[in-house]
Amino acid sequence: MADQPALQRLDAHRWLLPRQGKMRTDGLIFSDDELIGAVRADGTLQQVQAMAALPGIVGPAMAMPDAHQGYGFPIGGVAAFDPHAGVVSPGGVGYDINCGVRLLRSKLVAADLNHQQLTRLADALAAQIPAGVGQGGAKRLDDRQLDRVLTQGAAWAVNNGHGQATDLEFCESNGQIPLADPDQVSTHARNRGRDQLGTLGAGNHFVELGVVELVADADAAQAFGLFPGQLVLWIHSGSRGLGHQVCDDYLKRLRQDKDAVHSPDSQLIAASPHSPVGQSYLAAMAASANFAFANRQMLTHLARQAIGQTLQISPANLGLALVYDVAHNIAKLETHTVHNRQRQLWVHRKGATRALGPNHPELPPRYAAIGQPVLTPGDMGRASYVLKGSHLAETLTFASSAHGAGRRLSRAKAKHNAKGRDISAELAQTNVIVRAKARATLAEEMPDAYKNVNNIAAIMQNSGVAPIVAKTRPLVCIKG
DNA sequence: ATGTGC
């Protein structure tokens, strides 16, 4: 691409995008020799420059190693803003508000399951977990129930029989973002989400059974309850049509609002957190985030049931306990130390995972000595990683890390490259059993559509931001 | 990501 901004290499895993033109701060790119080419080739760097030009930005505008061009911010973008001089931006959070990941451990050894049992698990999960674009679930919430979901988050699901109380302890923010206001969520958004609680969705969302194939940090793995050979369950989903509509609604509203903060890139439209429209967006964003937390909790319950029924194992013997649940599309008001001063900042993580270091007050006691589990799923054929947050992350990245592999090919390009191929058969040859509602999804989501998550994990580890704890390999993957 | 376009 012509006119690519000049990058200065800082070290093996970091590049500086120096402040220039309208930028108010530097850009900082995490990458490596293999991945930096893709970041240069799409619009990621220009988007980082645009982030850096937003008012009230504190610290650098960052791109994680899985970054690629997105709407407004790149996917993999991290930026922090002063609550008074700064902004909040729907394009800095993403369309899928609180898209996120959770990981559950089990008491089972994967090798004890034969191929037939894994196939039956794939069939049961595919049958019992509603998936696909526009797909509804078993429940249709009335307005009162929906209000509670939007304010209570995962706790609503647990309190209504879809999980156990201990699940909440291991969710980021306990699965409930404060100051959510259902009244800031449009009727249209509510109606889109009303029957979508406990549904997977489509695209890169998945439910996966995997096996722990490597433990790199024995102490951390023990604290997280992970051991080699263990069967684990990954769940990746978000706020479905409801969050999507909220993002859409507030982008439209901002375009007509006198308090909107405009950028040369109209996708970056933003508002002061204190403006009426900014306050409304934040309250609706929080409500959508709570919907997503409740959704992943419902999906967890469905998966526990499907697995227990299929294997005829009691919940106690299955031991599907939550390791952690992270939000990777969200803006949060957090306290960070900047130039030796504690400041409240609106940290936008869009396709980026929070990565709190040891002894952070928001960690559950079980993880206090270790740091936060940083869930970093890869593509459906290769691997996924559990990393751990660090003090360095708190000083370097506002406690943020990568959110996964990140797309390498556009959806259109992936579909083109998959023409004439049977992705399901290719995955079966590498012993991954996949079930997808739509053939097009498999093409868009095939392993070569993604960056190599091994590189992503190595960058996060070697930069000191998020050391590797464990690696898992996929066995069964359910897609929309 | 998304009732995958207005």
Side-chain angles (χ1 to χ4, degrees), chain A residues 42-44 47 64 66-77 89-102 130-137 140-141 185-197 199-207 235-252 255 267 284-285 287-289 291-293 295-296 299 326-331 348-353 377 379-380 403-416 418 436-446 449-450 478-480:
Chain A
D42 68 8
T44 304
Q47 290 192 320
M64 293 294 125
D66 47 343
H68 55 102
Q69 192 176 337
Y71 185 95
F73 277 33
I75 320 291
S89 172
V93 169
Y95 265 90
D96 189 359
I97 295 165
N98 190 8
C99 186
V101 188
R102 55 169 59 186
V133 175
Q135 186 58 244
R140 188 176 175 81
L141 302 171
V185 177
S186 71
T187 304
H188 190 194
R190 293 169 66 98
N191 286 339
R192 284 186 69 175
R194 200 179 289 281
D195 69 343
Q196 291 187 323
L197 203 60
T199 67
L200 186 62
N204 63 1
H205 292 163
F206 62 81
V207 168
I235 296 174
H236 180 208
S237 190
S239 50
R240 309 287 286 104
L242 184 141
H244 187 277
Q245 189 62 46
V246 165
C247 182
D248 214 38
D249 287 341
Y250 280 91
L251 286 168
K252 287 197 176 89
R255 284 182 208 122
Q267 295 181 352
M285 182 205 69
S288 306
F291 186 90
F293 278 131
N295 187 34
R296 290 196 289 276
L299 289 168
V326 295
H328 59 219
N329 273 11
I330 200 161
H348 290 57
R349 297 190 185 91
K350 181 188 183 183
T353 304
D379 65 75
M380 58 186 166
H403 86 311
R407 292 200 78 84
R408 188 175 72 85
L409 304 177
S410 69
R411 293 179 194 279
K413 183 124 198 210
K415 272 194 274 204
H416 178 78
K437 294 286 175 206
R439 206 182 151 77
T441 303
L442 274 183
E444 292 173 358
E445 294 296 312
M446 64 180 178
Y450 280 88
I478 310 302
K479 302 282 289 183

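Note that this is a predicted model, so its numbers are computed, not measured. In what follows, chains carry the letters A, B, and so on, assigned in the order in which the sequence lines appear, proteins first and then strands, with residues in each chain numbered from 1.
As judged by a 4.0 angstrom heavy-atom cut-off over every strand, A:Gly241 is placed among residues touching the sugar-phosphate backbone only. Residue-level contact check: A:Ala202 touches the backbone only, with heavy atoms under 4.0 Å from sugar-phosphate atoms and none from bases. Heavy atoms of A:His188 sit under 4.0 angstrom from at least one base atom. Among the atoms of the strands shown, only primed sugar atoms or phosphate atoms (P, OP1, OP2) are found under 4.0 Å from some heavy atom of A:Arg240. Among the heavy atoms of the strands lying under 4.0 Å from A:Gln196 are primed sugar atoms or P, OP1, OP2 only; no base atom is included.
Remark: the backbone N or O of A:Gly404 is paired with a side-chain donor or acceptor of A:Asp66 at under 3.5 angstrom. Between the side chain of A:Arg296 and the main chain of A:Ser237, a donor-acceptor pair closer than 3.5 Å is present.
Across the protein-nucleic acid pair, A:His244 atom NE2 and B:dT4 atom P stand 9 Å apart, rounded to whole Å. For A:Arg411 and B:dG5, the CZ to C1' distance is 16 Å, given to the nearest whole Å. Between A:Leu442 atom CG and B:dT4 atom P there is a gap of 20 Å when expressed in whole angstrom units. Atoms CD (A:Gln135) and P (B:dT4) sit 14 Å apart, rounded to a whole Å. Between the NZ atom of A:Lys437 and the C1' atom of B:dT2 there is a distance of 18 Å, given to the nearest Å. Going from atom CZ of A:Arg439 over to atom C1' of B:dT4 covers 19 Å, rounded to whole Å. Between the OH atom of A:Tyr71 and the P atom of B:dT4 there is a distance of 17 Å, rounded to whole Å. For A:Gln245 and B:dT4, the CD to C1' distance is 14 Å, given to the nearest whole Å.
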Item checked: Verdict with supporting geometry, A:Ser239 and A:Asn98, side chain to side chain contact (heavy atoms under 4.5 Å, CB included) -> CA-CA 6 Å; A:Ser239 50; A:Asn98 190 8; 5.6 Å; no

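Residues that satisfy the ring pair (Phe, Tyr, Trp, His ring centres under 6.0 Å) test with A:Phe206, not counting sequence neighbours, are A:His236.
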